[in-house]
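Remarks on the structure that follows.
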Amino acid sequence: MHMTTAEIRTAFLEYFRSQGHEVVASSSLVPHNDPTLLFTNAGMNQFKDCFLGAEQRAYTRATTAQRCVRAGGKHNDLENVGFTARHHTFFEMLGNFSFGDYFKHDAIKFAWQFLTEVLQLPKDKLCVTVYHTDDEAFDIWNKEIGIAAENIIRIGDKPGKPAYTSDNFWQMGDTGPCGPCTEIFYDHGDHIWGGRPGTPEEDGDRFIEIWNIVFMQFNRHADGTMDPLPKPSVDTGMGIERVAAIMQGGHSNYDIDIFQRLIKKAAEITGTTDLDNKSLRVVADHIRSCAYLIVDGVMPSNEGRGYVLRRIIRRAVRHGRKLGANDTFFFKLVGELADVMGAAGEELKQQQAIVEKVLRIEEEGFARTLERGMQLLNEALDNLDGDVLDGATVFKLYDTYGFPADLTNDVARERGFSIDEDGFEVEMEQQRQRARDAGQFGTDYSKVVSIDSDSVFTGYDRTDDQGKVVAILVEGNEVDSLMGERGTDAVLVLDQSPFYAESGGQVGDTGVIRCGDAEFEVTDTQKLGNAIAHKGKLVSGAFQRGDAVAAEVDASRRDAIRLNHSATHLLHAALRNLLGDHVTQKGSLVMADRLRFDFSHFEGVSRDELVAIENQVNEQIRANHSIDTELMDIEAAKARGAMALFGEKYDDQVRVLAMGDYSIELCGGIHAKRTGDIGFFKIVSEGGIAAGIRRIEAVTGNGAVAFARSQENQLLETAALVKGDAQSVASKVKGLLDKNRQLEKELEQLKQKLASAASANLVDSAVDMGGVKVLISQLENADSKALRGMVDDLKNQMGSGIVLLGNVADGKVGLIAGVTKDLTGKVKAGELVNLVAQQVGGKGGGRPDMAMAGGTDAAALPAALEAAKAWLADKL
């Protein structure tokens with residue numbers, strides 16, 4: 001029975017739906033709240049907390065078609081992708097899961113029934129493996145399913161290794177949930193080399209694993225002991241590409257409909273006719289991972305997930321060039337991919353324009369350095385003494401030309417070489433250390449000082465409160481009292497405080513703490529563990545541990561901060577509405593006088609886009625939404641649509657901040673009561689701060705009014721200078737610029753005339769050297785732009801000859817040499833000018849008939865020109 005990949009996906013989900021499973025959407029390729037994973041690489045990732053018992057869901061059976069990426073960290077087979085039958089950067093894992101519901105009997109029954117009844121695979125083509133001591137699984141396969149004992153293979157622990165190191169024993173980690181697994185293999189036929197699992201030929205391609213059922217049965221302790229789990233669970237996985245190859249009569253995953261369509265499209269775009277070219281496979285595989293990573297919010301960059309994406313894109317581009325692509329091509333595959341993925345392509349279709357734009361911009365950027373980098377790499381390989389390319393060269397290609405090490409390795413391998421990966425890592429670590437050294441401008445106070453005290457924050461609705469001093473720190477050391485000279489630096493920690501400690505981008509509060517006549521000026525507030533640290537200076541009196549104090553925040557500063565903080569939420573929502581859902585917050589700084597917001601985006605934001613963003617934020621301000629906060633558990637917050645940041649670890653109870661239905665985010669900061677309190681929002685600047693990261697700076701409230709007034713004053717001052725008013729200033733300035741351009745043009749023409757006149761006088765000073773006319777002259781303050789024209793004039797007047805001019809202007813030396821074409825066989829202008837440049841503290845070069853250089857030692861010019869005469873005399 002022939003089935004498309006889309007039909008297999010639908011059949012799988014519908015079968016398990018009929019068996020009482022909740023069909024759960026594929027999670028993002030960016031794992032949520034799991035710092036141990038670079039990318040989602042298995043169907044169970046999104047259910048990890050369910051298996052650990054840390055999360056309860058409304059269902060105990062689930063099924064998914066999970067998109068996965070393995071292209072970084074320990075799951076990295078990038079160099080094999082495209083060159084083997086089953087290595088991919090992106091794949092779909094079909095899975096069914098039980099959270100303390102059914103166990104081995106049903107899990108095995110479901111798998112066998114789906115394969116043999118729904119897909120109608122021949123039973124005699126299937127064999128299974130079990131962990132060598134799992135008699136229960138063996139008996140289920142043998143006695144209930146009816147598989148002959150010789151087709152049930154027991155897989156033991158690896159020779160010489162500890163217990164539970166078998167391929168058929170799964171562990172979440174060194175400790176925690178674990179258990180045996182059973183796998184189902186398909187026999188592709190004896191025309192393909194390979195043996196059954198457990199045999200010496202098991203690494204062949206005849207028997208291919210298509211289904212793995214993990215029985216989470218035990219909890220492993222640090223001492224190696226195993227306790228039965230109170231609610232044993234099931235995690236399964238079936239690779240859709242492997243099953244599609246079987247259902248479509250093929251052997252390699254690249255034979256299936258998805259890859260065949262992508263390969264044909266890539267061939268059409270690149271103009272190649274050899275559909276068996278391995279580079280087509282690379283491109284077809286890589287478009288899947290790149291497109292879906294961008295859909296899930298990953299942008300090309302030089303670190304983390306963004307760097308893995310960049311590596312994959314650049315590898316695809318290089319293989320496209322090998323196929324003959326001379327222009328940007330990779331983004332043209334996105335539409336074909338969205339179509340061929342069927343139901344799994346809907347998200348991609350919604351973001352197709354964004355994905356195409358990101359890929360096109362990234363390819364255009366890389367194309368600018370690809371040719372030069374390839375030239376350098378090929379030269380290095382041509383001159384290689386041995387068969388290993390040194391780490392320094394690999395690093396130079398990475399650092400200067402953006403060649404990831406695995407891309408360099410790809411090229412080297414094609415030519416029979418390898419790279420020194422250890423040497424490359426040494427160079428990389430040296431660069432990291434240089435970056436660390438350059439960044440050490442100060443010390444993080446919270447990492448130096450630690451105290452046991454806790455503080456309760458009381459400042460969400462007030463700016464003053466009573467508290468008790470529980471710790472005093474002077475120069476990082478705890479003391480019992482603070483007294484001494486006015487201006488003594490110290491830190492006070494209170495049991496409760498209305499002062500907000502810097503967090504989530506919002507700066508710490510300032511203000512005063514008083515105890516009777518004693519006063520302490522708070523200049524910043526930071527967190528020290530669970531304590532609120534009031535950093536500042538003693539103004540008067542003394543403070544003792546245990547003192548009852550009055551804490552008073554600078555209310556006007558706090559009000560300005562809260563307006564800016566609320567504005568960042570409106571800005572974030574506007575960016576996502578107008579630029580796309582790929583926009584995610586990458587950092588923020590909320591101060592009293594302005595706000596700063598960093599976000600992921602692949603190109604500069606246009607002037608029209610900035611105006612639209614500004615307008616939308618101001619519309620929401622005028623709508624005067626109530627700004628409401630509510631404490632709720634994280635799942636309820638997500639269900640309400642609250643935006644959480646990937647990689648952030650949230651408590652069970654979170655603060656949900658809502659501005660009507662326009663913006664709903666998790667936030668622990670302090671905000672305005674209503675959006676209307678913000679008053680007015682004005683963008684001050686927008687720019688790039690890193691690859692794929694943009695920054696907007698803006699002002700609100702009184703700050704926005706002051707900024708607008710400053711702009712108006714500049715406009716009026718400019719208008720006065722051009723003798724106009726605010727309405728006519730643009731046309732007045734345009735008129736002045738037009739007039740200035742005309743005057744510059746006339747000046748240039750006059751300079752050319754002067755240069756021609758000067759060259760007419762100079763040509764008479766040419767001397768004869770060996771029958772060749774040679775003109776060498778030093779000029780003073782000649783127009784540097786006119787020198788090239790002057791040399792051309794001199795060459796024309798001489799007919800045949802050599803010209804060398806040295807010009808001194810503003811203490812710097814400018815050199816230019818010209819050689820008529822009939823003499824370039826004897827003397828090259830580049831060699832001549834470089835000879836002189838080296839003697840005047842510079843360097844330069846150019847074509848054999850025309851070359852220019854510069855220098856810094858004007859005093860050495862006369863002697864350098866004399867040396868040039870001697871050099872020419874020898875040459876001629």
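Between C68 and G43 the shortest heavy-atom distance is SG-N, 4.5 Å. Closest approach of R61 and Q19 over heavy atoms only: NH1-O, 2.8 Å. Closest of all the heavy-atom pairs between K349 and D339 is CE-OD1, 3.7 Å. Nearest heavy atom pair, residue L275 against residue A267, reads CD2-CB, 3.6 Å. For the pair F329 and A325, the tightest heavy-atom approach, listed with the atom from each and the gap, is CD2-CB, 3.7 Å. Residues P177 and L229 approach most closely at CB-CD1, 4.5 Å, considering heavy atoms.
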Taking distance alone, no hydrogens or angles, what donor-acceptor pairs closer than 3.5 Å link side-chain atoms of residues 132-147 to residues at least two apart or in another chain?
from : atom 1 : to   : atom 2 : distance (Å)
D134 : OD1    : K104 : NZ     : 2.8
D134 : OD1    : A137 : N      : 3.2
D134 : OD2    : K104 : NZ     : 3.2
D135 : OD1    : R154 : NH1    : 2.9
D135 : OD1    : R154 : NH2    : 3.1
E136 : OE1    : K104 : NZ     : 3.4
W141 : NE1    : T182 : OG1    : 2.9
N142 : ND2    : I147 : O      : 2.9
E144 : OE1    : H105 : ND1    : 3.1
E144 : OE2    : H105 : ND1    : 2.8

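The shortest side-chain heavy-atom distance between M247 and M1 falls under the 4.5 Å cut-off. Put simply, the side chain of D167 reaches to within 4.5 Å of the side chain of K158, judged on heavy atoms. Put simply, the side chain of P300 does not reach to within 4.5 Å of the side chain of R311, judged on heavy atoms. Contact annotation: the side chain of T40 never approaches that of V30 to less than 4.5 Å [non-hydrogen atoms, C-beta and beyond]. Looking at heavy atoms from C-beta onward, I287 lies in side-chain contact with L262 at the 4.5 angstrom threshold. Residues I313 and L359 have side chains in contact (heavy-atom distance under 4.5 Å, counting atoms from C-beta outward). V128 has its side chain out of reach of F185: every pair of non-hydrogen atoms, C-beta onward, lies at least 4.5 Å apart. When side chains are defined from C-beta on, R9 counts as touching E92, because their heavy atoms get closer than 4.5 Å.
For the residue pair E346 / Q350, no side-chain donor-acceptor distance below 3.5 Å is found, with atom types taken as modelled. Side-chain atoms of T63 and H21 include no donor-acceptor pair closer than 3.5 Å. A donor-acceptor pair shorter than 3.5 Å can be found between the side chains of Y131 and D157. Of the N and O atoms on the side chains of T272 and D274, not one donor lies less than 3.5 Å from an acceptor on the other residue. A donor-acceptor contact closer than 3.5 angstrom links the side chains of Q113 and Y15. For the 3.5 Å distance criterion, the side chains of Q66 and S27 qualify, holding a donor opposite an acceptor. A side-chain donor-acceptor contact under 3.5 Å links Q171 and R220.
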Practice prompt. Let me see the working for Y254 and D276 under side-chain hydrogen bond (donor to acceptor under 3.5 Å, both in side chains), right down to the final yes or no.
Written response: CA-CA 10 Å; Y254 290 98; D276 291 327; over 6 Å; no
- Query: Can you list the steps and then say if F91 with R70 is a side-chain contact (heavy atoms from CB on, under 4.5 Å)?
  - Reply: CA-CA 8 Å; F91 60 95; R70 291 186 181 176; 3.7 Å; yes
Intermediate values then yes/no, side-chain hydrogen bond (donor to acceptor under 3.5 Å, both in side chains), N168 and S166: CA-CA 5 Å; N168 276 61; S166 167; 4.7 Å; no
Requested in this report: Let me see the working for F259 and H88 under ring pair (Phe, Tyr, Trp, His ring centres under 6.0 Å), right down to the final yes or no.
Outcome: CA-CA 11 Å; F259 283 115; H88 302 295; 5.0 Å; yes
Report task. List the steps and the verdict of side-chain contact (heavy atoms from CB on, under 4.5 Å) for C290 and L309. Result -> CA-CA 6 Å; C290 293; L309 172 59; 3.9 Å; yes
Given the rule in the side-chain contact (heavy atoms from CB on, under 4.5 Å) test, do M226 and N219 qualify, once you have shown the distances and angles that lead to the verdict? CA-CA 6 Å; M226 300 275 199; N219 183 32; over 6 Å; no
task = For side-chain contact (heavy atoms from CB on, under 4.5 Å), just list the numbers for M341 and L337, CA-CA rounded to whole Å, side-chain angles, deciding distance to a tenth of an Å, and then say yes or no.
result = CA-CA 6 Å; M341 288 296 285; L337 174 62; 3.6 Å; yes
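Here the side chain of D285 pairs a donor or acceptor atom with the backbone of T89 at under 3.5 angstrom. Distance alone, capped at 3.5 Å, is enough to place a donor-acceptor pair between the Q46 side chain and the A25 backbone. With hydrogens and angles ignored, the 3.5 Å screen pairs a side-chain donor or acceptor of T10 with a backbone N or O of A6. A distance-only check finds no donor-acceptor pair linking the side chain of T116 to the backbone of Q120 [under 3.5 Å]. In this structure a side-chain-to-backbone donor-acceptor pair under 3.5 Å is present from S233 to K231.
Between atom CZ of residue F424 and atom OG1 of residue T408 there is a gap of 7.5 Å, rounded to the nearest 0.5 Å. Summarising the geometry, atom CH2 belonging to W170 is positioned 10.0 Å from atom SG belonging to C181; distances are rounded to the nearest 0.5 Å. Residue L126 holds its CG atom at 5.5 Å from CD1 of I210, rounded to the nearest 0.5 Å. One distance of note links CG of N409 with CZ of R315; it measures 9.5 Å at 0.5 Å rounding. For the atom pair SG of C50 and CE of M44, the computed distance is 9.5 Å after rounding to the nearest 0.5 Å. One finds the CD1 atom of I8 at 7.5 Å from the CG atom of D257 (value rounded to the nearest 0.5 Å).
Of the charged side-chain nitrogens involved, none lies within less than 4.0 Å of a carboxylate oxygen, so that E268 and K332 do not count as a salt-bridged pair. K278 has no carboxylate O lying under 4.0 Å from a charged side-chain N of E414, or vice versa, which leaves the two without a salt bridge. Note on R67 versus E347: salt bridge recorded, some NZ/NE/NH1/NH2 to OD/OE distance being below 4.0 Å. Between E362 and R314 there is a salt bridge, since at least one side-chain N of the basic residue sits less than 4.0 Å from a carboxylate O of the acidic one.
Below 30°, between 30° and 60°, or above 60°: for Y398 and Y307 the angle between ring planes is above 60°, a perpendicular geometry. Ring-plane geometry between Y164 and F169 is classed as tilted, the angle between the planes lying from 30 to 60 degrees on a 0 to 90 degree scale. The aromatic rings of F114 and F12 sit perpendicular to each other, their planes meeting at more than 60°, with 30° as the lower class boundary.
Checked against the 6.0 Å centroid threshold, F97 and F47 count as a close aromatic pair.
Residue pairs that meet the side-chain hydrogen bond (donor to acceptor under 3.5 Å, both in side chains) test with at least one member in residues 200-215, sequence neighbours left out, are R86-D205, D187-R206.
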